[in-house]
Each structure stands twice: as C-alpha cells, then as structure tokens.
J.: 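I have a structure here, written as structure tokens, and I will follow up with some questions on it.
Note that the coordinates shown come from a computational prediction; the quantities given were computed from them, not determined experimentally.
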Amino acid sequence: MNGLQITQSLGSNIPVITNSTLGIIGRDAFSDEFKETQWRRGDEDNAIILTVGFLPGLKVTTIPLLMKNPITFILKKFVTDIREFSTSVSGCSSPAAIMMFADQYRVGLIDVVEKMGYAMSQKTVIVGDYSSPFRYSNCPDAWSVGAALVFAVDRNKPSGIGETQFHAVLSSGLSPVGPTYEAASVLEKSNSIWISARREGWGQNIDAETIRNQVYDQLGDRNQNRILYIGVTKKGKCGQEKVGRMTSLAFYEVRRNNRKYFFVSEKGVNLGDTFRFYHLDSTAARSSVTAISSHLRSFNRGSNNTTGGDKQEVFGGLIFSCCGARFFGEPNIDSSPFVDNFPGVTLGGAFCRRVIGRGVLTPYAKESQEQKAMQCRVQARGAVYLIMSYRQRKWN
C-alpha cells in the first residue's frame with residue numbers, strides 16, 4: 001500500500017504523510033504481537049506501519065517547508081502559515097502540537113527546527129522525524145523539503161466534546177564528557193562548518209586536537225572510530241509575544257578535526273554558542289528509558305482521578321527512535337515504557353537517524369540542573385515519546 005492508495009481509502013480531505021524510515025514499531029497485523037523491526041538492506045519494502053487517528057475537538061492540516069533555492073529555506077512563510085491556520089481554528093497563534101517531518105539531506109534543518117521552536121508558544125508540543133525521505137498528500141511542488149502536521153484546537157467544537165491533550169518526553173543515549181566550551185570562531189567551508197573553541201569564560205583558544213585528546217583521556221581510551229557529538233545550548237524568548245524563555249539543545253556530529261578546528265556538517269552553530277562533547281552511552285540510555293517509564297506511570301495514576309468532574313485517559317502514542325536493538329543489544333527496549341504502562345493502547349512508531357522533541361523532557365542522569373531544563377532538542381541518539389490523552393467532560 002502506497003501513499004496514493006491510503007489517500008484514496010481515507011479520502012482526499014484527510015492529511016496523509018508517508019516517510020521512508022530505518023524501521024517500524026507497532027503491532028503485527030497477523031500475529032497481534034508487538035514488534036520493533038529495524039531494516040536490513042533490501043528489507044525496506046517488506047512491511048509498513050499505518051497509524052490512523054481520530055482526534056475529537058481538533059482540526060489537522062499539513063503545511064510545507066519550502067525552499068527559495070537549493071540552499072535557502074522559506075522559514076518565515078512556514079511559521080506564518082502554521083500560525084495563521086492555528087489562529088483561524090482556535091483563535092490562538094500557536095497550535096496544540098506539531099509533528100515535523102524533514103529530509104536529512106538538507107543542510108541547515110537543525111537551525112530551522114530550532115527557530116520554529118522559538119516561534120511557537122511553550123505550550124506547543126513538537127515531535128518528529130528530522131531525517132527520513134517523506135511525501136505528503138497535496139504536495140504543492142518539488143521545493144518542499146519538510147512538512148508539519150499541525151494540530152489545532154477547534155474553538156467551535158460541539159458542546160460535550162472533551163479535550164485532546166499532547167505530552168512529549170524524550171530519552172537519551174548520549175552522555176556528556178568534559179567541560180563547557182564556547183565557539184570562538186565559526187567558518188563555513190566546503191560544505192562543512194569549522195569551529196574553533198575555548199573554555200567558557202576563558203580568553204584563549206584551545207587547539208581542536210588538544211581538546212579531542214582530553215576527551216579521549218576522560219573516556220579512558222583512544223578509539224579513533226568513536227562517534228562524538230557536540231551539544232550546543234541556546235536560550236531565547238519564544239512565542240509570538242516573546243513572553244516566555246526557552247532553552248534548546250541541538251546535537252551535531254563531529255566529523256573530524258585538524259589541529260585548530262572541529263568540522264561538523266550542519267549549519268546552526270553561531271559565534272559565542274556554548275557546547276559540551278557527548279558520546280554514545282547505552283547504559284545511560286537504559287537509565288533514561290527507566291526514567292521515562294516511571295514518568296508515564298503518573299498518567300495511569302491520573303486516569304483514575306477526577307478534577308472538577310473530568311477524567312483523563314491515554315488513548316494512543318507515537319515513538320520516534322534512533323536507538324533500537326542494534327544500540328541496546330536486544331529488541332523492544334524503546335517501546336517498553338509505553339507498552340508496560342498502557343497495555344492494549346494503540347502505539348506506533350519509527351526508527352530514524354535524528355528525532356525532534358519539544359515539551360516535557362526527561363533529564364539525562366549525568367547532566368547539570370541547567371541541562372536538565374532543556375525544553376527543545378534535536379536528538380542524535382534517543383527516542384521521543386508522544387502520548388495522547390483525552391479528558392472527557394462530565395455533565396453535572
């Protein structure tokens with residue numbers, strides 16, 4: 001079944017997004033067994049996950065991220081279109097939730113995601129797959145390199161309809177190593193970004209080679225094939241009114257370095273930005289998943305309580321993960337927090353190279369209080385969980 005067949009089956013007025021991922025998460029249509037499946041080469045066309053949602057009290061549309069030319073995003077129109085749709089439906093310029101899909105081959109998308117996060121209210125939950133080829137219904141032209149599935153509350157919903165709520169939590173498979181650095185210079189050369197650094201608050205630059213050797217020393221080995229990332233921290237006001245402040249953290253893979261500079265392939269690092277180095281850590285990832293499971297148990301406790309006659313119930317979830325059995329050494333770790341806490345509730349998901357998470361985020365076990373407060377991340381190794389609940393209003 002392809003995107004056209006799905007659209008024909010559901011109707012042309014139903015927004016449909018299909019994307020080509022590294023694997024799928026969901027319940028087998030034949031055995032009813034819950035599975036996590038990561039593709040081997042050549043297996044990509046052997047299975048699909050189809051998730052269809054009915055969300056009372058919401059209106060949903062797809063909004064494209066377009067490019068003016070092969071290197072320039074039309075970001076202002078993208079943000080404006082999201083705000084105008086939300087305002088027309090709910091009277092509020094920021095929607096309840098955004099599910100973002102984008103093509104990994106477009107340099108600069110991390111920067112786009114970050115700016116979109118600052119443009120929306122802190123209450124807007126944003127999740128998605130930053131890194132997979134995609135298609136969506138009614139695609140306007142070939143310059144579309146991203147798409148947002150936008151969920152806005154219908155202010156004209158019939159009386160008696162309750163409230164659909166979105167909640168996002170994020171696990172991590174990365175751990176920080178070493179002190180905090182500051183970008184002393186940022187240069188764009190040959191399709192890569194060159195970054196020189198100094199210790200935060202220091203005036204003197206440190207050679208990239210020296211910093212990398214210090215990282216290896218702290219990790220206790222000299223594995224030249226070890227994948228390292230820099231986690232870049234930024235702060236700014238968010239929402240159209242710019243009344244709230246948000247801290248974001250985006251990860252960039254360190255491709256290599258010469259004596260003076262580190263090289264990353266993505267735009268988004270600016271002069272003066274602070275960052276730390278991170279490495280893959282499956283032990284920390286398991287701890288993070290355990291923390292997620294504990295956090296989700298609070299939804300079960302809340303579902304049996306009433307507040308002003310209202311009852312909240314989790315009815316579905318989505319997972320975007322870049323971990324899986326190849327990272328953990330066994331399957332079904334990513335999905336376990338949701339499956340264990342909400343058995344029988346609909347869950348779907350996908351494996352991808354990067355995930356987007358903005359909302360209530362579960363902290364890293366090894367991070368400082370400031371880093372635990374991050375509200376928006378473009379994550380290189382981890383999973384984002386979107387939990388959907390419905391609060392039914394009871395008549396007195």
J.: Can you say whether the rings of His167 and Phe299 are parallel (under 30°), tilted (30 to 60°) or perpendicular (over 60°)?
T.: perpendicular

J.: Is any side-chain heavy atom of Leu65 closer than 4.5 Å to one of Met100?
T.: yes

J.: Go through it in stages, so that I can follow the logic: the residues are Glu330 and Arg286, the test is salt bridge (charged side-chain N to carboxylate O under 4.0 Å, His left out), and I'd like the CA-CA distance, side-chain angles, deciding distance and then a yes or no.
T.: CA-CA 11 Å; Glu330 59 180 304; Arg286 285 179 178 270; 2.9 Å; yes

J.: What is the distance from atom CZ of Phe85 to atom OG1 of Thr80, rounded to the nearest 0.5 Å?
T.: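 Here the interatomic distance stands at 15.0 Å.
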
J.: Please assess Asp129 against Ser132 for the test side-chain hydrogen bond (donor to acceptor under 3.5 Å, both in side chains), listing each intermediate value before the final yes or no.
T.: CA-CA 7 Å; Asp129 178 354; Ser132 300; 2.7 Å; yes

J.: Does any part of the side chain of Asn258, heavy atoms only, come nearer than 4.5 Å to the side chain of Phe263, both counted from C-beta?
T.: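 Phe263 reaches Asn258 side chain to side chain.
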
J.: Using the rule side chain to side chain contact (heavy atoms under 4.5 Å, CB included), only one of Glu36, Gln38, Arg381 pairs with Cys323; which is it?
T.: Arg381

J.: Can a cation-pi geometry be assigned to Arg199 and Trp202, taking NZ or CZ under 6.0 Å from the six-membered ring centre and within 45° of the ring axis?
T.: yes

J.: Do Arg259 and Asp207 sit within salt-bridge range, that is, some charged N less than 4.0 Å from a carboxylate O?
T.: yes

J.: Does the side chain of Asp273 reach to within under 4.5 Å of the side chain of Glu182, using non-hydrogen atoms?
T.: no

J.: With a 4.0 Å cut-off on N to O distance, would you call Arg27 and Glu33 a salt bridge?
T.: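 Here Arg27 does not pair with Glu33 in a salt bridge, since their nearest N and O are not under 4.0 Å apart.
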
J.: May I ask you to check whether Phe251 and Tyr278 place their ring centres under 6.0 Å from each other?
T.: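 That pair passes the under 6.0 Å test.
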
